[in-house]
Amino acid sequence: MLASENFPTHHFKESIFKPYSTSGDDLASATPLTAAAALVATTSSPADSSSAVAFETASKMLATNNNNNNNITSSKDDLSSFVASHPAAEFEGFIRACVDEIIKLAVFQGTNRSSKVVEWHEPAELRQLFDFQLREKGESQDKLRELLRETIRFSVKTGHPYFINQLYSGVDPYALVGQWLTDALNPSVYTYEVAPLFTLMEEQVLAEMRRIVGFPNGGQGDGIFCPGGSIANGYAISCARYRHSPESKKNGLFNAKPLIIFTSEDAHYSVEKLAMFMGFGSEHVRKIATNEVGKMRLSDLEEQVKQCLENNWQPLMVSATAGTTVLGAFDDLAGISELCKKYNMWMHVDAAWGGGALMSKKYRHLLSGIERADSVTWNPHKLLAASQQCSTFLTRHQQVLAQCHSTNATYLFQKDKFYDTSFDTGDKHIQCGRRADVFKFWFMWKAKGTQGLEAHVEKVFRMAEFFTAKVRERPGFELVLESPECTNISFWYVPPGLREMERNREFYDRLHKVAPKVKEGMIKKGSMMITYQPLRQLPNFFRLVLQNSCLEESDMVYFLDEIESLAQNL
């Protein structure tokens, strides 16, 4: 028995709006009217000839719509006649069947170590295997369920334990349920009236995150959930510009002294990309050299700041990195903060990746000095393994977001509402509609507590340390960094055929080709996914990224065994 069978049927003829004929006995037998016809029927006087014409027009439209199968009634096996975007009771079985397929195939089977991470096909082949075509007539429910299964089949299982390819992985059950709920409720978090719970929830979560960062007065400041860390870094640039030049909100960058942004040469590309997007230009983003372990060189930073001042340019901000994308390096935040104070620059910390370490008393020292920042990017969907996307921008300045971005659109942010409109937070965003990404993270946090999140972080760091030790002792494997700071470990595998070669240009050219060939082998086999990349003068190396706390020591050994096996003939 379906759950809906236990609920009483609501007959719309009982509604005060009376959109159905009162002569019918139930919803199935009632003659539906379009919204326009219903409005005319309930508000117009019989003597109003113009209303009569409108009613006649609406009736003709209704007849046409019915002829085009736009009525709500449809067969259980065919959705082609279903138009109304509403979960009618007859679709409960279909919805439940689809959810069951997702739980079985994507959530459990797709994350089982015995299954493939991906079933690989070339684009031309995949176009033949999967029905991408859109048609005039809708598909049957059976066909849609088949497409659902095929979508899971041909997709990369990013929740699989052996997907270690990006700075996200895993399927947290609490985050998954939280994301499903917000998709079902479909809120937009811009005003309290349409998202009361999520508005207050955001306030609570962001305040606690600011407290953990270490902002003064118990986490005083402001923050927002963003569609990704790149946009969060863009908010930092925007706020820094407004803080330095409030008139830029009205006048833009025209006729102003050039504003310069400084960031590490190993920083995420979003700093440069958002600076270009916002009109600064890539030439106004200065890349600071890094040292042998990937940290920003403070001497080069100060030297470049001085050069800008000599050219009568304005040093605007420094975007430091806490956990670089490739090497996982943490910049010297305390040292950077001193330079920002000395030269009156906004200090931003991109802790999208490494911010999760703040949850651990053992590892939060990696971000020492972050409490001095003006703003922070922190993505719980990375090291804390919340579902994509879950990104935050945090700042110690309470009013800067609203001052910088608000336009006071009166159709949404009316000031004469019946409640406290300070809870209408949407005007401080550059977005209008915005997902309730807070709920999945809040739900995770409620389920696990801060102690559970701390245990998660410490587990992945422990596995990273174990893996690093295994690389050191295993023949043919060489670390790029002898002591990685974060849970991304970069290393080379030197096949037996190359080990006796002199370390000259030919050797490095041949080593450069090893990682791409091994990656091709693992993808086509479906055994795992691990990324690789070059870095400046270094040839291609593997980068294992750990944030899935289900991984064990045996998995670490598996990764090394699989790479060795795939490279044995190279």
With a 4.0 Å cut-off, would you call [X] and [Y] a salt bridge?
| X | Y | value |
| --- | --- | --- |
| Lys440 | Asp172 | no |
| Arg462 | Glu465 | no |
| Glu552 | Lys459 | yes |
| Glu272 | Lys287 | yes |
| Glu371 | Arg396 | no |
| Glu454 | Lys362 | no |

Sub-4.5 Å side-chain heavy-atom contact between [X] and [Y]:
| X | Y | result |
| --- | --- | --- |
| Phe277 | Ile237 | no |
| Pro380 | Met209 | yes |
| Asn540 | Pro534 | yes |
| Lys470 | Ile489 | no |
| Ser238 | Met278 | yes |
| Asp374 | Met317 | no |
| Leu298 | Leu339 | yes |
| Gln547 | Trp353 | yes |

Once you round to the nearest 0.5 Å, how far does [atom1] of [X] lie from [atom2] of [Y]?
| X | Y | atom1 | atom2 | answer |
| --- | --- | --- | --- | --- |
| Cys432 | Tyr190 | SG | OH | 5.5 Å |
| Asp437 | Ser391 | CG | OG | 7.5 Å |
| Gln204 | Met201 | CD | CE | 9.5 Å |
| Met444 | Leu176 | CE | CG | 11.5 Å |

Is it true that the side chains of [X] and [Y] contain a donor and an acceptor less than 3.5 Å apart?
| X | Y | value |
| --- | --- | --- |
| Asp350 | Thr321 | no |
| Ser375 | His348 | yes |
| Asn233 | Thr377 | yes |
| His268 | Ser270 | yes |
| Ser115 | Gln109 | no |
| Lys157 | Asn112 | no |

Review point. What is the ring orientation for Phe441 with Trp445, classed by angle as parallel under 30°, tilted 30 to 60°, or perpendicular over 60°?
Key: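 Ring orientation of Phe441 relative to Trp445: tilted.
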Check your understanding: Which of parallel (below 30°), tilted (30 to 60°) and perpendicular (above 60°) describes Tyr168 and His381?
Key ->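 Perpendicular, since the angle between the ring planes exceeds 60°.
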Point to revise | Ser490 vs Leu481, side-chain contact (heavy atoms from CB on, under 4.5 Å): CA-CA, chis, key distance, verdict | key: CA-CA 7 Å; Ser490 299; Leu481 290 182; over 6 Å; no
Review point. Who pairs with Phe559 by ring-ring contact (aromatic ring centres under 6.0 Å, His included), at least two apart in sequence or on another chain?
Key: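 Expected list: Tyr162.
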Review point. What residues form a ring-ring contact (aromatic ring centres under 6.0 Å, His included) with Phe393, not counting sequence neighbours?
Key: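 Phe393 satisfies ring-ring contact (aromatic ring centres under 6.0 Å, His included) with Tyr235 once adjacent residues are dropped.
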Look only at the side chain of [X] and the backbone of [Y], and say whether a donor-acceptor pair between them is shorter than 3.5 Å.
| X | Y | answer |
| --- | --- | --- |
| Arg364 | Ala357 | no |
| Ser245 | Ser248 | no |
| Arg211 | Gly219 | no |
| Gln389 | Asn379 | no |

Please indicate whether [X] has more than 12 foreign heavy atoms, meaning atoms of other residues, nucleotides or ligands, lying under 6.0 Å from its [atom1].
| X | atom1 | result |
| --- | --- | --- |
| Tyr174 | OH | no |
| Arg434 | CZ | yes |
| Lys257 | NZ | yes |
| Asn344 | CG | no |
| Gln451 | CD | no |
| Gln533 | CD | yes |
| Glu283 | CD | no |

Which atom pair, heavy atoms only, marks the closest approach of [X] to [Y]?
| X | Y | answer |
| --- | --- | --- |
| Val460 | Leu383 | CG2-CD1, 4.2 Å |
| Leu551 | Arg113 | CA-NH2, 4.0 Å |
| Thr324 | Gly294 | CG2-O, 4.3 Å |
| Leu394 | Val213 | CD1-CG2, 3.9 Å |
| Val457 | Leu384 | CG2-CD2, 3.5 Å |
| Met463 | Leu546 | C-CD1, 3.8 Å |

Practice item. Apply side-chain contact (heavy atoms from CB on, under 4.5 Å) to the pair Asp222 and Gln399, showing each step before the final yes or no. Key: CA-CA 7 Å; Asp222 201 358; Gln399 300 299 323; over 6 Å; no
**Study point:** Asp300: salt bridge (Lys or Arg N to Asp or Glu O under 4.0 Å) partners, not counting sequence neighbours
**Key:**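 Checked Asp300 against salt bridge (Lys or Arg N to Asp or Glu O under 4.0 Å); zero matches.
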Review point. Given Glu303 and Lys306, is the salt bridge (Lys or Arg N to Asp or Glu O under 4.0 Å) satisfied, shown in steps?
Key: CA-CA 5 Å; Glu303 179 62 28; Lys306 289 178 179 179; 5.5 Å; no
Practice item. Go through the steps for Lys342 and Glu302 under the test side-chain contact (heavy atoms from CB on, under 4.5 Å), then give the verdict. Key: CA-CA 10 Å; Lys342 181 178 179 179; Glu302 185 162 25; 2.8 Å; yes
Practice item. Decide ring-ring contact (aromatic ring centres under 6.0 Å, His included) for Tyr343 and Phe262; before the verdict, give the C-alpha distance in whole Å, the side-chain angles of both, and the deciding distance to 0.1 Å. Key: CA-CA 12 Å; Tyr343 294 102; Phe262 304 90; 9.2 Å; no
